[in-house]
Amino acid sequence: MRKNIVAGNWKMNKTLQEGVALATELKSAVKNPKCDVIIGTPFIHLATVAELLKDTPIAVAAENCADHASGAYTGEVSAAMVKSTGAQYVIIGHSERRAYYGETYAMLKEKVQLALANSLRPIFCVGEVKEEREAGRQNDVVKAQLEGSLFSLSADDFGRIVIAYEPVWAIGTGLTATPEQAQEMHAYIRSLIAARYGAQVAADCTILYGGSCNAKNAASLFANPDIDGGLIGGASLKAEDFCAIIDAF
Ligand code: PEP
């Protein structure tokens with residue numbers, strides 16, 4: 001069954017104490033959401049925040065995991081470690097990780113497989129940069145990202161993936177894709193999933209929009225048939241803003 005989801009991505013913001021304060025605010029504010037709610041936090045917050053939010057409607061995600069299972073990879077955090085904190089999701093393939101940390105399709109494929117093997121649900125990000133959109137290449141770019149990292153999964157494994165379409169030109173810029181642009185890409189992504197895995201898997205797949213989504217534009221984005229919620233960066237850092245987006249459902 002396709003789920004509506006609003007997921008936050010705190011990125012590299014908030015000390016542990018500030019993160020606990022925000023999670024505590026969300027815990028009392030989010031009572032009966034009309035969608036699933038997830039917060040993606042830095043690694044150091046995960047165990048504390050997951051414990052704090054146990055038995056609430058808010059699930060916790062890591063923002064990344066390693067592309068190796070364990071061993072001599074100083075500074076890395078494995079999918080098994082993420083799982084052991086109580087987190088249920090992991091964001092994989094965010095454009096900032098692709099651009100600043102050189103994450104390739106092959107590395108992301110490993111991360112997805114390790115996440116699934118450790119019973120984490122990947123929130124897998126795709127999206128084109130501004131020049132690619134201007135050249136009309138957005139569909140080719142997103143197709144290659146899906147094929148390069150996800151489409152070798154079995155249908156059962158693919159069924160555990162949440163996709164986030166995040167046009168890179170809209171992330172943190174205040175430029176949001178129009179609801180029409182977002183719907184068009186989401187429908188295209190769903191058509192690719194249908195061609196690879198069949199109509200049912202495609203119909204069941206949650207596809208989130210990300211990129212300057214906020215309390216003002218969330219309702220008009222989420223009203224579209226193929227937009228199942230949002231991955232929220234900046235507007236997830238204040239409880240009031242994040243709750244207003246949840247309330248858009
Ligand atoms: C993101 O980083 O996933 C994101 C969507 O950021 P913002 O909402 O700030 O554009």
Side-chain angles (χ1 to χ4, degrees), residues 4-14 18-19 22 26 35-43 45-46 58-65 82 87 89-101 103 108 111-112 115 120-130 132-133 138 141-142 145-146 149 161-179 181-183 185-186 189 206-222 224 226-249:
N4 290 327
I5 299 176
V6 171
N9 173 16
W10 291 359
K11 311 196 188 196
M12 197 176 72
N13 292 295
K14 309 247 175 238
E18 290 164 349
L22 175 54
L26 291 170
C35 60
D36 285 12
V37 178
I38 304 168
I39 53 174
T41 82
F43 290 129
H45 300 64
L46 284 177
I58 309 174
V60 176
E63 298 174 13
N64 180 30
C65 68
V82 170
Y89 292 83
V90 55
I91 299 169
I92 294 178
H94 192 281
S95 60
E96 289 152 15
R97 300 230 38 107
R98 292 179 192 259
Y100 307 149
Y101 301 97
E103 296 194 350
L108 298 176
K111 291 183 183 212
V112 167
L120 290 167
R121 293 194 63 177
I123 301 173
F124 188 82
C125 303
V126 296
E128 79 286 357
V129 300
K130 185 162 161 270
E132 291 163 340
R133 162 108 2 209
Q138 64 272 18
V141 169
V142 167
Q145 291 169 337
L146 292 169
S149 303
I161 306 279
V162 173
I163 306 277
Y165 169 58
E166 300 207 303
V168 182
W169 47 271
I171 296 180
T173 58
L175 289 176
T176 316
T178 63
Q181 284 173 320
Q183 165 57 28
M185 178 58 85
H186 283 227
I189 291 171
T206 294
I207 308 177
L208 309 179
Y209 169 79
S212 299
C213 184
N214 57 39
K216 288 205 180 86
N217 58 32
S220 61
L221 287 158
F222 300 171
N224 289 277
D226 289 297
I227 302 180
D228 308 314
L231 180 56
I232 318 297
S236 72
L237 294 173
K238 280 199 193 141
E240 193 187 341
D241 296 346
F242 192 55
C243 288
I245 296 173
I246 295 167
D247 289 344
F249 273 113

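First listed ligand is number 1; within each ligand, the first listed atom is number 1. In this chain, numbering begins with 1 at the start of the sequence shown.
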Go through the side-chain N and O atoms of Trp169 and Glu132 and say whether any donor and acceptor fall under 3.5 Å apart. no
Would you mind listing which atoms of ligand 1 come within a distance below 4.0 Å of any non-hydrogen atom of Gly172? 7 (P), 9 (O), 10 (O)
Under-4.0 Å heavy-atom contact with ligand 1, by part of Asn9 that carries it: side chain
Answer yes or no for Ala235: is there a heavy-atom contact with ligand 1 below 4.0 Å? no
Among Ser236, Gly230, Gly233, closest by heavy atom to atom 8 (O) of ligand 1 is Gly233
Check each atom of ligand 1 against the heavy atoms of Gly211 and keep those under 4.0 Å away; list them by number with element. 5 (C), 10 (O)
Under a 4.0 Å N-O cut-off, is there an ion pair linking Glu63 with Arg97? no
So, Asn224 side chain and Ile227 main chain: donor-acceptor pair closer than 3.5 Å or not? no
Charged N-O contact under 4.0 Å between Lys11 and Glu96: yes
Protein residue, atom and distance nearest to atom 2 (O) of ligand 1, heavy-atom basis: Lys11 NZ, 2.5 Å
Protein heavy-atom partner closest to atom 5 (C) of ligand 1 - residue, atom, separation in Å: Glu166 OE2, 3.1 Å
Return the OG to CG distance between Ser212 and Leu175, rounded to the nearest 0.5 Å. 6.5 Å
So is Ala170 touching ligand 1 or not, going by heavy atoms under 4.0 Å? yes
Does any N or O atom in Gly234 lie less than 3.5 angstrom from one in ligand 1, N or O only? yes
Heavy-atom nearest neighbour in the protein, as seen from atom 1 (C) of ligand 1, with distance rounded to 0.1 Å: His94 NE2, 3.2 Å
Flag for Asp228-Thr206: side-chain donor and acceptor within less than 3.5 Å: no
Residues which pass side-chain contact (heavy atoms from CB on, under 4.5 Å) with Val126, listed by chain and number, not counting sequence neighbours: Arg98, Phe124, Val142, Gln145, Leu146, Ile163, Tyr165, Ile189
